[in-house]
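Residue numbers start from 1 in every chain, and the chains themselves are labelled A, B, ... in the order their sequence lines are given, proteins ahead of strands. The basis for the numbers below is simple: all heavy atoms, side chains too, and nothing from hydrogens, waters or symmetry mates.
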Amino acid sequence: MNGSADTSGAIGGKHHFLLRRLHSLSGILPVGVFVIFHLFTNAQLIRGGEHFQHEVDFIHSMPALLFIEILLWAAIGFHAALGVVYTFAGAQSNTRYYPHWDNWRYLLQRITGIVALVFIFLHIATLRWRWDLAGWYTPFFTLGVTPEGEVVNLAGVSTAVALQHAWWVAALYLVGVLSVIYHWSNGLWTAAITWGVTITDQAQRRWAWLCGGLFAALFVFSAAAFVGALTLTENDQNTHEWRAYRYMSEQRRAGHVIDLHGKRPGDRVSVSALPDLPSTENESDG
Amino acid sequence: MIAPHPDHPPKTFRIRVRRQDGPQAKSYWQQFDVTYRPNMNVISALQWIAAHPRTADGKQTSPVVWDCNCLEEVCGACTMLINGRARQACSALIDELMEHGSTITLEPMTKFPVVRDLFPDRSRLFNDLKKVQGWVPIDGMLDLGPGPNEPPDTQEMRYAMSRCMSCGCCLEACPQYTLTNHFLGAAPIGQARLFNAHPTGAQLKEERLVTLTGPGGVSDCGNAQNCVKACPKDVPLTEAIADIGRQATVHSIKNFFSGG
Ligand code: SF4
Ligand code: SF4
Ligand code: FES
């Protein structure tokens with residue numbers, strides 16, 4: 001953060017201003033709105049796996065999901081790339097002699113941006129792309145199948161497994177999600193200055209109350225999801241799901257991708273065919 | 001302001017100075033023990049050092065160089081880092097500083113090239129004020145007549161903006177303003193607001209906004225809001241930045257739809 005690169009004034013040349021404003025816009029609209037939505041659906045976890053499953057199925061049933069996903073990737077990629085450049089080219093934090101709250105807020109915005117970027121990457125790599133990161137392997141399945149061939153809902157259990165993998169995964173999620181919601185609510189506050197919406201001190205303070213309220217609400221949502229995921233353990237009602245999850249993971253680890261496309265919970269699939277299924281990627285179970 | 005030791009004033013106090021013999025030279029520290037007199041400020045301490053250029057360990061040295069002019073906190077020339085923070089040396093009272101410790105540290109500002117010792121070269125700031133055309137255009141062949149009337153609330157806002165003395169404290173405190181980048185910083189943005197709000201000065205508004213939406217313009221502000229806290233003249237800099245941000249938004253949208 002102490003780089004004094006000579007480029008900061010010139011990033012983007014004559015499109016400098018446009019890039020900065022698009023950076024602001026891309027952070028608030030696509031990314032921010034998605035994050036609110038995502039955290040709200042997650043909060044359903046505290047009401048149990050079934051409610052959460054309902055939300056997940058709803059998202060998966062949205063039209064043009066691929067388009068939405070591409071749009072989000074573009075927005076996150078653009079926002080993150082520029083953000084990293086802005087953070088490391090030419091900002092000199094000086095909270096030592098200017099220890100004002102706003103100055104800490106400014107520094108935190110940059111730190112949480114980087115933390116959020118790392119967190120989002122790991123989150124997607126493990127749950128969406130199902131990477132195996134040195135044994136941290138927690139793929140996300142919406143549907144699963146037991147070794148006996150019963151199709152069951154797995155969204156809740158998948159999330160629970162992800163967070164219960166190790167204490168440091170839970171810690172990473174806590175810090176990561178806090179960073180995301182801080183970065184977004186503070187970004188919303190400063191964007192109002194950047195775009196010239198809030199001008200006077202009083203207006204900026206009023207807007208700060210609103211953004212603070214949003215931060216608190218998002219915090220409550222994510223705390224609910226967090227507690228929900230950590231407390232969702234195996235019991236008499238859901239042993240099917242847990243067994244299905246373990247079975248799916250083993251198969252997946254062995255390179256077998258089980259195609260449950262078009263299946264619904266309660267359906268039965270032929271068990272004998274399962275372990276030998278060819279290893280093909282498919283999108284419908286993530 | 002209560003003197004620290006009304007009954008037993010100290011005989012001397014210590015000043016640590018970060019010195020630099022020329023623009024390219026490396027900086028080094030020297031300490032001086034200055035004889036205390038009541039009501040001293042940093043400038044009179046520096047004057048004492050100029051008259052007694054001997055370090056605390058007894059070595060003869062060159063007098064410390066600094067800049068000053070008005071001696072009443074209106075010109076900004078004597079701005080330096082006093083115990084780490086940018087402020088005017090002429091209004092920094094020794095009694096007050098000694099309430100926080102008996103050694104006072106003086107350094108040149110870090111966001112401007114150093115000419116020598118505590119004397120910075122603030123030309124970047126003056127150039128940036130030219131870039132935003134911080135003036136009202138009245139040159140010409142014709143008598144323009146009396147100036148237009150200003151509504152009282154505009155007067156009030158403009159008065160606050162007009163208190164800027166180009167000292168550079170806001171730039172020194174700004175995390176986005178560095179020695180080598182091109183950010184205009186808070187003071188020129190404030191002056192653009194001052195002259196954009198003047199009925200005649202507004203003739204140059206669009207030209208100012210072209211500069212302010214260019215590289216190093218208002219969009220480089222990161223909203224740390226140090227500037228407004230560091231400003232000794234209480235110029236409402238963050239309001240100026242937001243206002244110029246609004247003007248820039250309107251300017252660029254207008255340009256998008258009807259610009260050349
Ligand atoms: S508000 Fe902007 S100009 Fe002022 S100190 Fe912060 S970054 Fe610098
Ligand atoms: S705005 Fe304030 S701190 Fe900045 S140059 Fe002017 S008087 Fe100094
Ligand atoms: S000498 Fe003018 S402000 Fe200090």
| said: Just so I understand: if I count every heavy-atom pair under 4.5 Å between each of B/Cys221, B/Ala248, B/Cys174 and chain A, which residue has the most? | reply: B/Ala248

| query | Side chain, backbone, both or neither: which part of A/Trp189 has a non-hydrogen atom closer than 4.5 Å to chain B? | reply | side chain

| task | Please flag which part of A/Gln204 lies under 4.5 Å from any non-hydrogen atom of chain B: side chain, backbone, both or neither. | result | side chain

| request: Determine whether the aromatic ring centres of A/Trp131 and A/Phe121 lie less than 6.0 Å apart. | output: yes

| query | Side chain, backbone, both or neither: which part of B/Ala240 has a heavy atom under 4.5 Å from chain A? | reply | neither

| said: Would you say that more than 12 heavy atoms from the other residues, nucleotides or ligands in this model lie under 6.0 Å from the OH of B/Tyr28, or not? | reply: yes

| Tell me, side chain or backbone of A/Ser24 under 4.5 Å from chain B's heavy atoms, or both, or neither? | neither

| Using non-hydrogen atoms only, which part of B/Ser252 is less than 4.5 Å away from chain A: side chain, backbone, both, or neither? | side chain

| message | Tell me whether the rings of B/Tyr177 and B/Phe112 are parallel (<30°), tilted (30 to 60°) or perpendicular (>60°). | response | tilted

| task | Look at A/Thr190, A/Thr194, A/Thr198, A/Val197 and state which one has the largest set of heavy-atom pairs under 4.5 Å with chain B. | result | A/Thr190

| message | Using a strict threshold of under 4.0 Å (side-chain N to carboxylate O), is an ion pair present between B/Arg85 and B/Glu172? | response | no

| Is it the backbone or the side chain of A/Arg21 that comes under 4.5 Å from a heavy atom of chain B, or both, or neither? | side chain

| request: Applying salt bridge (charged side-chain N to carboxylate O under 4.0 Å, His left out) between B/Glu73 and each of B/Arg163, B/Lys233, B/Arg87, report the one that passes. | output: B/Lys233

| Heavy-atom count around A/Phe219 CZ within 6.0 Å, excluding the residue itself: above 12? | no

